[in-house]
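In what follows, every chain begins at residue 1, and chains take the letters A, B, ... in the order their sequences are listed.
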Protein chains: 2
Amino acid sequence: MEKVTIATVAQRAGVSRQTVSNVINTPDVVREETRERVREAITELGYRVNQAARQMRTGRSRLIAVRIEPARDGINGSVLDRFLHGLTDAAGLAGYRVMLYTAADDNDEIATYDELLSAYDLDAFVLTSTHHGDPRTSWLAARSVPFVTFGRPWGAPDTHSWVDIDNAAGTADATRHLLAAGHQRIGFLGWPAGSGVGDARREGWHRAFGPWGVSAATTDGVESGAVAARSLLTNDEPPSALVCASDSLALGALQAARELGCDCAVVGFDDTAVAQAIGLTSVSQPLAEAAARCMGLLAELLDGRAPSVPTTVLLPPSLVLRQTA
Amino acid sequence: MEKVTIATVAQRAGVSRQTVSNVINTPDVVREETRERVREAITELGYRVNQAARQMRTGRSRLIAVRIEPARDGINGSVLDRFLHGLTDAAGLAGYRVMLYTAADDNDEIATYDELLSAYDLDAFVLTSTHHGDPRTSWLAARSVPFVTFGRPWGAPDTHSWVDIDNAAGTADATRHLLAAGHQRIGFLGWPAGSGVGDARREGWHRAFGPWGVSAATTDGVESGAVAARSLLTNDEPPSALVCASDSLALGALQAARELGCDCAVVGFDDTAVAQAIGLTSVSQPLAEAAARCMGLLAELLDGRAPSVPTTVLLPPSLVLRQTA
DNA sequence: TCCTAGGTCTTGAACGATCAAATTCTGATA
DNA sequence: TATCAGAATTTGATCGTTCAAGACCTAGGA
């Protein structure tokens, strides 16, 4: 199999290189008859644009990068996994490819941006795990590198486009579901104040249930969840249901309830494998859609047809009902 | 910030383009003094090789591709996730980058190979989820595209290099641990015969325990695991311990044992998040090492210093002890 | 008939690196 | 001192594409 270049196609179709290029990139400037002839030649020869050559001329690689993190806490690991799958799919449909990288911390990540941009001419980045005082967004913005974050810019103005899950709506839904099921005292088991995601999840419960509920805050994890739940459940007026900020905490709560022999409904968050395995009712994030929206926003930015004001997308999660609530 | 090319560096160091190129690619042909001068210029200017330009000349992209699958069964999803992280790390250290793609089935994946090879000049592929009669390996081999599989070529001769986990050794270890703990009747809960991985896991148990044990085969999943375990545990001579082919099955077995009120030790496989969460003893795959070895084999292939005979690597898993055994 | 405008197509140069061949430098030998 | 081999360095061409500019054709108006 010989190498098929744009020149091969041009010869076959009896036109010049540039005409073939025009058929591919700006078809409307080529006469219909010629266009068809070139298209036939392309399929007959199985021609495909050589990205490296195109990139050298245009400076664009049709490559976007995203960081892959180790499954930190174990339970919540697969969330990113599902997002990645969705992003790869969406990127493929839009004619882009996804490149992975790892980084130890924010500064390491910024160094990687620098390297990826100058060595590979990356077109854009998708950032995950945004947090307060995130240095990554300002670095990218200062160099006007296109990017989108999955996760809103906590504590900063909306100077870039982002996609996020409406965490508060998720816990509010869960709480309303429990209220409708007749629960009178619904508690919340969450993380210490300060993390944007955690605060939002608490806020949703608070909004739906009002200022009366009991709540506890602890670091994430099954063990600490069990400890915190135990103290809530041995109160004078123990809750009959618990909304939790994660499936890990929820699992801990379930263990505490079983130990104490009390019947307490439990709802988790993230709809992880653990929830599916043990029948835990949980709030599920629409990760595939989030990924698709991220890609959509990036495509807008890269095509230069993005509105001057950043777009923000907030997706509602859904409650997956199982045995525990 | 001006664009820094090899010509910029050459000018700064007072040498020609080619000498700079030699410092980068074949340093030993450059006189030490010159080499140092060029290296200084490179760091001062922050020069980085433009991959697209290099690729156009050499035909090599320093990019390897791997397929990302949706977390199929939920529980086992994170296995690939951890492998991917390890691969990205290892690739980065070796000067390569990882590109992702998705595919609906083997033929779709082969079409993607074709596209990635001609459009992006991919250097190599890492295949996961190998199976009997896998058409992907022969397609790649026929075009002499470098690749390594994570998973041995089930039922086919070793015509390419591969890395795999010694599944049999894992279940054998688990079984020996149970024997040492005093268990006399150790059962096995696995999948129907025919899948290479499943058969190997059964074989390891069989090897360590001999031909006397009871076993059951069922499709993967918590529910089916519970059903199968229930029938084993209500036997005339119920096992006092169960070695399982997956954490899903193990979780099912635990549920069955709890229901029946019998005390049965359980060992799972894959050390997934679920195992960590519920304290399930499980066989853990050394995924980061597997990924690193895959990358090592690929690097050999790509540098042309691979032995003429394919290399095969079989890594022993390790038993993670928790409460259930 | 001539000129012009617009549509269509072609030509030469350029992107930034490496290859292959030519050239210059160096030091040892006769 | 002249010669020469080998090391060190430079020069010109090239990879496959797109940009910018020019050439050609056709139709319509003066």
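Residue B/Y47 has a polar side-chain atom (N or O) positioned under 4.0 Å from OP1 or OP2 of C/dA17. Regarding contacts with the backbone of D/dC15, every side-chain N or O of A/N50 stays at 4.0 angstrom or more from both OP1 and OP2. Within the 4.0 Å cut-off from OP1 or OP2 of C/dA17, not a single side-chain nitrogen or oxygen of B/R17 is found. The phosphate of C/dC9 has neither OP1 nor OP2 within less than 4.0 Å of any side-chain N or O from A/T19. The side chain of A/T5 contributes no N or O atom lying less than 4.0 Å from OP1 or OP2 of D/dG16. Taking 4.0 angstrom as the limit, B/R31 places none of its side-chain polar atoms (N or O) nearer than this to OP1 or OP2 of D/dA8.
In the set D/dG16, D/dT11, C/dT11, the nucleotide with an atom closest to the side chain of A/Q18 is C/dT11. Checked against D/dT10, D/dC15, C/dT18, the side chain of B/N22 finds its nearest nucleotide in D/dT10. In the set D/dC19, C/dT18, D/dT9, C/dT18 carries the atom at the smallest distance from any side-chain atom of B/R57. Side-chain proximity of A/T34 to C/dA17, C/dC9, D/dT9: nearest is C/dC9. Considering only side-chain atoms of A/S21, the nucleotide from D/dT18, C/dT10, D/dG16 that sits closest is D/dT18.
Within the nucleic acid shown, B/T58 comes within 4.0 Å of sugar-phosphate atoms alone, with no base atom in reach, counting heavy atoms only.
A/D114 and A/R143 are not joined by a salt bridge, as no carboxylate oxygen comes within less than 4.0 angstrom of a charged side-chain nitrogen.
In this entry the distance linking NZ of A/K3 with C1' of D/dT14 reads 11 Å, nearest Å. The separation between A/D28 atom CG and C/dG6 atom C1' is 15 Å, rounded to whole Å. Going from atom CD of A/E33 over to atom C1' of D/dT26 covers 15 Å, rounded to whole Å.
In this view, A/S16 and A/T19 satisfy the side-chain hydrogen bond (donor to acceptor under 3.5 Å, both in side chains) rule, not counting sequence neighbours.
With hydrogens and angles left out, the side chain of B/Q55 and the base of D/dC15 share no donor-acceptor pair within 3.5 Å.
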Could you please spell out the steps behind the side-chain hydrogen bond (donor to acceptor under 3.5 Å, both in side chains) verdict for A/H160 and A/T149? CA-CA 8 Å; A/H160 62 266; A/T149 63; 3.2 Å; yes
Start with the C-alpha distance between A/L63 and B/Y120, add both sets of side-chain angles, then the distance that settles side-chain contact (heavy atoms from CB on, under 4.5 Å), and finish with yes or no. CA-CA 10 Å; A/L63 241 38; B/Y120 289 91; 3.6 Å; yes
Under 3.5 Å, which donor-acceptor pairs link side chains of residues 28-38 of chain A to any protein atom two or more places apart or in another chain?
unit_1: A/R35; atom_1: NE; unit_2: A/P27; atom_2: O; d: 3.3
unit_1: A/R35; atom_1: NH2; unit_2: A/V30; atom_2: O; d: 3.2
unit_1: A/R37; atom_1: NH1; unit_2: A/A13; atom_2: O; d: 2.5

